[in-house]
Structures are given as C-alpha cells and as structure tokens.
Amino acid sequence: MAAWKWLLGVFVLFVAVGCSHGDAVTSRGDTRWRGASPAASYAEPREGARLECGTLPARIWALIGQGQFAEAEVLIAEGAAAGLLSKPAANRMLEEISKLTTRLGQLPARLHRVPDFPSQLKEHTLYEIEQMLASGDFKLATKAQLLMAQKLIRQQPRLMQKL
C-alpha cells in the first residue's frame with residue numbers, strides 16, 4: 001500500500017520540477033539563468049528566457065515552416081550542444097532545411113532532361129515553390145509544373161536511381 005503512495009509522490013515531484021537539463025540554453029546563449037519560461041509559445045522568447053526541452057523541436061519546426069532557416073540552424077546547433085535535441089532529430093531538421101533551400105537549377109543535369117522540365121523555375125528554392133503552390137500563385141508556372149519541380153527536388157535520390 002505504501003509503494004503506490006511513494007510512486008505517486010515521485011510522480012508529483014517530477015511534475016512539479018518539470019524538465020531540467022542542468023545548465024539550460026537560453027534564447028541568447030546565456031547558460032547562467034535556470035528559470036523556465038512561463039508559457040510555451042511560438043512567439044519570440046524574452047531576453048534570457050529559457051527554451052524548454054519540450055518546445056524546442058516545435059519552435060525549430062515552426063521556424064523552418066516560416067522560412068527562417070538561419071535562425072532554425074542556430075537553434076538546432078545550440079539545442080544539440082546542450083543536449084535538448086537528439087542527434088537524429090537534429091539531422092532530420094538539417095536535412096529538411098537542406099531540401100527546402102535547394103534550387104531547382106542545382107539538380108543534376110540528368111533530371112533537367114525530363115519531359116516538361118520547368119526551366120523557368122531554376123532560380124527558385126523548394127520552399128518558394130511550395131509557397132507558390134500553397135497560395136495558388138501560378139504566374140511563373142502552371143500547377144503541374146510546380147508539382148513536378150517539387151517532386152524533382154523532394155524525390156531526387158529515388159529519381160536518380162530510376163534514370
């Protein structure tokens with residue numbers, strides 16, 4: 001009977017203390033401040049506010065979704081160095097940033113020879129192409145051309161094996 005009370009006490013203690021990683025990384029790189037931020041949000045954190053371990057991946061993915069790749073890379077580096085972000089998660093995020101910043105013109109020449117290659121989009125990144133698709137902006141290319149460009153960049157390794 002006392003065992004469940006002991007477990008309940010430990011659980012309450014963990015909930016009260018929260019997630020602690022010793023010297024936490026703050027939004028400005030100061031590791032001396034140990035207090036947790038009052039609420040998790042995607043808004044810019046206050047000066048000296050600690051990035052909680054549960055919100056760091058969500059914040060990074062939000063930055064990637066907004067096209068703020070430089071800020072996301074900085075947070076990935078700081079989070080991985082502080083142990084707030086696992087190496088596989090950091091690698092997945094960096095791979096996604098790499099794909100989103102790839103320009104259509106950077107693809108191998110073999111992929112440029114596919115039928116109906118949208119050459120007018122050579123200077124556009126995957127992020128820009130996906131933004132055009134999401135907003136329905138078909139001034140530079142048709143929807144089919146935008147979808148083809150997206151597929152060529154996203155599935156480049158698989159398509160290279162086929163050719």
Side-chain angles (χ1 to χ4, degrees), residues 11 13-112 118 121-137 140-141 145-163:
F11 176 73
L13 179 66
F14 282 137
V15 169
V17 172
C19 184
S20 72
H21 290 283
D23 290 336
V25 173
T26 64
S27 63
R28 303 294 180 236
D30 183 11
T31 59
R32 292 171 284 158
W33 194 80
R34 294 180 187 234
S37 63
S41 70
Y42 294 116
E44 187 65 29
R46 299 182 322 272
E47 180 76 25
R50 176 181 165 198
L51 297 174
E52 295 179 9
C53 68
T55 62
L56 184 63
R59 175 146 174 77
I60 293 171
W61 284 117
L63 287 172
I64 291 171
Q66 295 169 359
Q68 299 175 354
F69 305 121
E71 293 89 351
E73 287 177 343
V74 169
L75 279 179
I76 291 168
E78 289 177 355
L84 298 174
L85 192 61
S86 68
K87 297 292 182 192
N91 288 338
R92 274 194 310 274
M93 291 173 182
L94 290 172
E95 286 173 13
E96 184 65 17
I97 290 172
S98 174
K99 279 183 186 176
L100 288 171
T101 57
T102 300
R103 296 189 182 282
L104 190 61
Q106 293 173 331
L107 296 178
R110 291 174 65 187
L111 291 178
H112 286 245
L121 298 172
K122 281 185 177 182
E123 296 303 315
H124 294 283
T125 64
L126 175 60
Y127 178 77
E128 294 167 340
I129 291 168
E130 288 180 346
Q131 290 299 312
M132 285 185 237
L133 277 168
S135 66
D137 180 13
L140 290 177
Q145 289 175 321
L146 290 172
L147 289 171
M148 175 180 281
Q150 180 185 32
K151 180 179 179 180
L152 288 172
I153 296 173
R154 282 246 178 239
Q155 300 178 2
Q156 176 186 348
R158 186 182 68 82
L159 293 173
M160 287 299 293
Q161 289 175 353
K162 280 184 148 183
L163 295 176

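Worth knowing before you read on, the calculation uses all heavy atoms, side chains too, and leaves out hydrogens, waters and symmetry mates.
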- Message: Give me the atom names and distance for the closest heavy-atom approach of Ala90 to Ile76.
- Response: CB-CG2, 3.7 Å
- Partner of Gln150 under side chain to side chain donor-acceptor pair (under 3.5 Å), picked from Gln145, Glu130, Gln155, is Glu130
- Side-chain contact, heavy-atom cut-off 4.5 Å: Ile129 with Leu146? yes
- Task: Output yes when a side-chain donor or acceptor of Tyr127 lies under 3.5 Å from a complementary backbone atom of Lys99, and no otherwise.
- Result: no
- Message: Nearest 0.5 Å, please: how far is CG in Leu111 from CE in Met148?
- Response: 10.5 Å
- Query: Is the closest side-chain heavy-atom distance between Arg154 and Leu100 below 4.5 Å?
  - Reply: yes
- Query: Minimum heavy-atom separation for Ile64 to Met93, with atom names?
  - Reply: CD1-O, 4.1 Å
- Query: So how far is it from Lys122 NZ to Arg103 CZ, rounded to the nearest 0.5 Å?
  - Reply: 13.5 Å
- Note on the structure: Closest non-hydrogen contact found for Phe69 with Ile97 is CB-CG2, 4.0 Å
- Nearest heavy-atom neighbours spanning Trp61 and Arg92: CH2-O, 4.4 Å
- Note on the structure: To the nearest 0.5 Å, atom CG of Leu85 lies from atom CD of Glu78 at 11.5 Å
- Query: From Lys151 NZ over to Leu126 CG, what is the distance, rounded to the nearest 0.5 angstrom?
  - Reply: 14.5 Å
- Message: Could you measure the distance from the CG atom of Leu140 to the CD atom of Glu128? Nearest 0.5 Å is fine.
- Response: 10.0 Å
- Message: Measuring only between side-chain heavy atoms, which start at C-beta, is Glu71 closer than 4.5 Å to Gln66?
- Response: no
- Query: Roughly how far apart are Lys87 NZ and Leu94 CG, rounded to 0.5 Å?
  - Reply: 10.0 Å
- Item | Over all atoms of both residues, closest heavy-atom pair of Thr125 and Thr101 | CG2-O, 3.7 Å
- For the residue pair Leu56 and Gly79, what are the closest heavy atoms and their distance? CD2-CA, 3.6 Å
